[in-house]
Amino acid sequence: MSLPDQSVDFPGWYQEVVKRAEMAENSVTRGAMVIKPYGYAIWEFMQQGMDRRIKETGHQNLYFPLLYPLRLLEKEADHVEGFTPQVAIVTHAGGSKLEEPLVIRPTSEAVIWATYKNWIQSYRDLPLLYNQWANVLRWEMRPRLFLRTTEFLWQEGHTAHETEQEAMAESKMILSDVYRTTVEEDFAMPVIPGRKSASERFPGAQETFTIEALMRDGKALQAGTSHYFGQNFSRAYDVKFQSRDGTEEHPYSTSWGASSRLIGGVVMVHGDEKGLRLPPKLAPYQVVVVPIYKGDQDKAKVLDACNAVAKMLDGLRVKIDDREHFRPGYKFNEWELKGVPVRLEIGAREVDADEVVVYRRDLGEKQTERLAEVGERANSLMAEIQSTLFDQAEVFRDEHTHVPESYEEFNELLSSAAGFVRAPWCGEAACEEKVKAETKATNRALTLEPEAMTTACIVCNNDAKEMALWAQAY
RNA sequence: CGGGAUGUGGCUCAGCUUGGUAGAGCGCCGCGUUCGGGACGCGGAGGUCGUCGGUUCAAAUCCGGCCAUCCCGACCA
């Protein structure tokens with residue numbers, strides 16, 4: 001009945017929570033999951049918040065096909081090299097072999113740039129600020145629910161710009177105004193924004209920006225990435241426009257994505273020994289009302305009171321759990337497992353006294369409230385719980401961010417997945433490889449803007465060029 | 001794709017060593033008693049024991065092939 005201990009078996013705990021909370025389960029298709037209604041509802045609330053911000057920053061949604069010719073993927077050298085190992089290819093259809101194989105999109109730069117070629121002739125056609133919500137397929141050896149599955153859901157933005165400055169500004173703006181705000185405000189997950197080192201960059205990108213979050217097991221999760229491509233894709237796909245000066249130029253481009261993996265993140269950042277703890281902004285039910293009665297004489301009275309209270313919670317997502325075949329204690333445990341932020345308990349005692357028992361999942365505390373004030377109280381609790389979860393995660397993150405003095409200490413911290421480790425780096429891939437081989441940890445992010453360094457690389461002791469954030473990662 | 005393990009009702013597993021009528025807990029269905037932190041009693045449904053072959057009078061059990069899944073490594077949102 002109880003969950004595996006987080007500190008003993010974190011992967012087991014995660015798997016159990018996701019299954020028992022009815023978020024998702026493994027499917028008959030190896031590596032691909034079934035997202036169940038409770039998990040999909042969380043995805044929809046994430047989607048709403050992010051979609052709103054994408055549109056507020058001037059983008060429009062559109063949709064490109066799931067399949068596109070393999071030869072398109074092959075046009076950008078780094079891009080194809082990066083994705084080939086994970087691409088599924090359709091070779092047969094309509095009862096015969098296809099003349100030209102089609103890839104199932106692992107990402108859509110190829111098909112989009114092959115199309116943008118037709119849409120861009122003049123600087124007057126720019127910028128193109130488009131986004132799509134889609135599923136993508138990347139073959140996985142070792143799948144894990146939400147975190148790593150062969151098929152996953154995401155949004156991918158693809159923009160084209162007149163100038164380098166404009167494209168660079170776009171990719172940074174998305175990181176801060178869409179990803180960081182969505183993840184921090186809606187997911188209550190504090191993140192560290194940064195740049196990826198060359199080895200961690202998206203295939204084909206000149207610069208990749210990231211937001212990194214810390215899970216409760218001390219491992220990092222990349223929560224969203226935004227890429228600056230320069231002219232890589234416009235050159236590879238032969239897209240040109242006539243500039244204000246009349247010259248012919250390749251546009252500058254970006255792409256950016258965040259996926260259903262974030263749902264795994266919310267589990268691993270906020271979950272505890274009782275299960276999920278959902279931030280109110282993502283919770284399918286923000287308040288659950290549990291009626292408590294013995295026999296039939298109290299039943300009508302109590303249920304009436306529950307309905308009356310639910311009406312006072314106008315604007316909140318409320319569930320009255322009036323199932324008769326479960327006792328209250330069972331329901332308490334179930335809704336705590338599912339992470340519902342607030343539970344109201346209403347029995348004959350409360351009805352007679354014009355009171356309600358209020359349980360908050362974030363702190364695990366019960367309080368008795370005046371019935372007349374429960375509407376107002378529930379509303380203020382939503383904001384309180386949202387910020388408490390963020391604050392708790394931030395304290396955890398800060399307590400698990402280390403600045404080692406020596407390579408020995410650095411190695412020990414990373415090997416034991418003690419959290420984020422800040423340490424100067426010379427910029428050489430050889431040092432990243434050594435760290436990965438010895439500790440399993442990778443370079444998660446560099447400071448958003450490069451800063452002048454006067455110290456030595458923690459790994460090789462040569463002059464440091466960057467301050468880097470290191471961690472084991474999902 | 002390399003190394004290790006496992007396949008038995010929906011789930012978790014026992015039974016296999018020593019071949020002989022397929023079991024438990026949870027879940028599910030019915031009835032009743034319960035109901036303020038995961039209730040209990042009684043009755044019931046549900047399994048070609050992963051698969052194909054071999055040995056044997058007889059195979060969940062012994063032998064071999066295949067398939068699948070899980071864990072550990074290289075890849076990844």
Side-chain angles (χ1 to χ4, degrees), chain A residues 1-4 9 11-12 15-16 19-20 25-31 81-87 105-108 134-144 146-156 179 183 196 199-203 205 208 210-213 220-227 255-265 274-275 290-299 302 321-337 343-353 355-357 359 364 366 368 433 436-437 440 442 444 473-474:
Chain A
M1 273 305 177
S2 64
L3 292 163
D9 180 15
Q15 203 84 343
E16 279 291 300
K19 284 181 184 166
R20 283 210 231 161
E25 62 187 36
N26 292 312
S27 70
V28 290
T29 310
R30 189 196 135 73
E81 189 190 330
F83 279 106
T84 294
Q86 286 190 288
V87 169
R105 64 178 164 221
T107 179
S108 301
N135 56 341
V136 286
L137 204 81
R138 297 181 187 176
W139 213 251
E140 284 297 343
M141 295 304 165
R142 302 191 49 203
R144 290 188 64 187
F146 289 114
L147 300 173
R148 218 190 293 114
T149 49
T150 284
E151 181 185 358
F152 59 90
L153 306 179
W154 76 346
Q155 58 67 221
E156 48 179 322
Y179 292 157
V183 173
K196 285 294 189 187
S199 64
E200 296 284 329
R201 244 175 240 154
F202 180 85
T208 288
T210 180
I211 50 173
E212 298 284 326
L221 183 80
Q222 181 173 302
T225 50
S226 175
H227 318 289
S255 84
W256 24 279
S259 75
S260 46
R261 170 182 248 197
L262 276 169
I263 296 171
K274 287 180 167 175
V290 178
I292 301 165
Y293 52 82
K294 308 178 192 182
D296 283 340
Q297 76 275 27
D298 289 339
K299 184 175 162 183
V302 168
D321 186 357
D322 56 1
R323 292 175 297 174
E324 299 205 10
H325 48 293
F326 292 114
R327 300 159 95 216
Y330 182 91
K331 295 177 182 177
F332 295 169
N333 283 287
E334 178 171 321
W335 293 115
E336 283 164 19
L337 170 68
R343 177 178 73 236
L344 304 181
E345 305 172 14
I346 300 176
R349 227 151 60 195
E350 284 73 31
V351 178
D352 293 341
E355 291 175 347
V356 177
V357 173
Y359 171 89
K366 274 187 195 184
T368 303
E433 283 161 24
K436 174 121 197 224
K440 294 186 182 176
T442 48
R444 303 315 303 157
Y474 278 96

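Excluded from the calculations below are hydrogen atoms, water molecules and symmetry mates; all remaining heavy atoms, backbone and side chain alike, are included. Nothing here was measured: the structure is a model prediction, and the numbers come from that model. First the proteins, then the strands, lettered A, B, ... as listed; each starts at 1.
- When both distances must be under 3.5 Å, the Watson-Crick or G-U wobble mate of B/U17 does not exist.
- Contact annotation for A/Pro85: no contact, since no heavy-atom pair falls under 4.0 Å across all strands.
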For this session: Start with the C-alpha gap between A/Lys299 and A/Glu324, add the side-chain angles, then the distance that decides, and say whether salt bridge (charged side-chain N to carboxylate O under 4.0 Å, His left out) holds.
Result: CA-CA 10 Å; A/Lys299 184 175 162 183; A/Glu324 299 205 10; 2.7 Å; yes
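- A salt bridge links A/Glu345 with A/Lys366: at least one charged nitrogen is closer than 4.0 Å to a carboxylate oxygen.
- At a cut-off of 3.5 Å, with distance as the only test, no side-chain donor of A/Thr107 or A/Arg105 sits close to an acceptor on the other residue.
- When each of A/Leu337 and A/Tyr474 is assigned the nucleotide of RNA chain B bearing its nearest heavy atom, the one mapping closer to the 5' terminus is A/Leu337.
- Position along RNA chain B of the nearest nucleotide to A/Val357 versus A/Arg327 favours A/Val357 as the more 5'-ward residue.
- More than 12 heavy atoms of other residues, nucleotides or ligands shown are found within 6.0 angstrom of CH2 on A/Trp154.
- Here A/Glu156 lies out of heavy-atom contact (under 4.0 Å) with every strand.
- When Watson-Crick and G-U wobble pairs are counted only if both distances are under 3.5 Å, B/A59 pairs with no nucleotide at all.
- Within 3.5 Å, a donor on the side chain of A/Glu336 pairs with an acceptor on the base of B/G37, or the reverse.
- Contacts of A/Gln86 with the nucleic acid, taken as non-hydrogen atoms under 4.0 Å apart, involve only primed sugar atoms and P, OP1 or OP2.
- As rounded to the nearest Å, B/C52 and B/A59 have P atoms that lie 14 Å from one another.
- The side-chain tip of A/Arg261 does not point at the ring of A/Phe146 from less than 6.0 angstrom away and within 45° of straight on.
- At the heavy-atom level, A/Thr149 lies under 4.0 Å from base atoms of the strands shown.
- For A/Arg148, the listed nucleotide lying nearest its side chain is B/A77; candidates were B/G36, B/G37, B/A77.
- Within 4.0 Å of A/Gly257, counting heavy atoms only, lies no atom of the nucleic acid at all.
- With P as the reference atom, B/G9 and B/G2 are 29 Å apart, rounded to whole Å.
- Atom P of nucleotide B/C35 and atom OH of A/Tyr293 are separated by 12 Å, given to the nearest angstrom.
- Side chain of A/Thr210 to backbone of A/Lys196: no donor-acceptor contact under 3.5 angstrom is found.
- Taking atom C1' in both B/C75 and B/C1, one finds a spacing of 12 Å when rounded to whole Å.
- Atom CG in A/Asn333 sits about 10 Å away from atom P in B/G37, given to the nearest Å.
- Comparing B/C26 with B/C40, their C1' atoms sit 16 Å apart, to the nearest whole Å.
- Base contact: A/Arg343 has a heavy atom under 4.0 Å from a base atom.
- Atom P of nucleotide B/G38 and atom CD of A/Glu16 are separated by 20 Å, given to the nearest angstrom.
- Pair assignment for B/G43 gives B/C29, based on Watson-Crick or G-U wobble hydrogen-bonding distances that are each under 3.5 Å.
- Between A/Tyr330 atom OH and B/G36 atom C1' the separation is 18 Å, expressed in whole Å.
- As judged by a 4.0 angstrom heavy-atom cut-off over every strand, A/Ala348 is placed among the base-contacting residues.
- If you check every strand for non-hydrogen atoms under 4.0 Å, A/Leu221 touches nothing.
- Looking at A/Lys366, its side chain comes within 3.5 Å of the base of B/G37 through a donor and an acceptor atom.
- Nucleic acid contact class of A/Glu324 (heavy atoms, under 4.0 Å, all strands): none.
- In terms of modelled atom types and a separation under 3.5 Å, the side chain of A/Glu16 and the main chain of A/Pro4 share no donor-acceptor contact.
- Between A/Lys436 and B/C75 there is a side-chain N or O to OP1 or OP2 distance below 4.0 Å.
- Shown here, B/U51 forms a base pair with B/G65; the pair counts as Watson-Crick or G-U wobble because both key distances fall under 3.5 Å.
- Within the shown strands, B/G73 is the pairing partner of B/C1 under the Watson-Crick or G-U definition, both distances less than 3.5 Å.
- For the pair A/Gln15 CD and B/C70 C1', the computed distance is 11 Å after rounding to whole Å.
- Under the 4.0 Å criterion applied to side-chain N and carboxylate O atoms, A/Arg20 and A/Glu25 are not assigned as salt-bridge partners.
- Distances from the side chain of A/Arg349 to the nucleotides B/G36, B/A77, B/G37 place B/G36 closest.
- Here the nucleotide nearest the side chain of A/Tyr359, chosen from B/G36, B/G37, B/G38, is B/G37.
- The CG-C1' distance, from A/Asp296 to B/U33, rounds to 13 Å in whole Å.
- Counting distance only, with no hydrogens placed and no angle test, the side-chain atoms of A/Glu334 and the base atoms of B/G37 include no donor-acceptor pair under 3.5 Å.
- Remark: the separation of the C1' atoms in B/G37 and B/G30 is 28 Å, to the nearest Å.
- The aromatic ring of A/Phe152 sits over the base of B/A77, with ring centres less than 5.5 Å apart and planes inclined by under 30°.
- Atom CZ in A/Phe326 sits about 10 Å away from atom P in B/A39, given to the nearest Å.
- If you check B/U34 for Watson-Crick or wobble pairing at under 3.5 angstrom, you find it has no partner at all.
- The distance from atom CZ of A/Arg20 to atom C1' of B/G27 is 13 Å, rounded to the nearest whole Å.
- When heavy atoms are screened at a 4.0 angstrom cut-off, A/Lys440 is found touching the sugar-phosphate backbone but no base atom.
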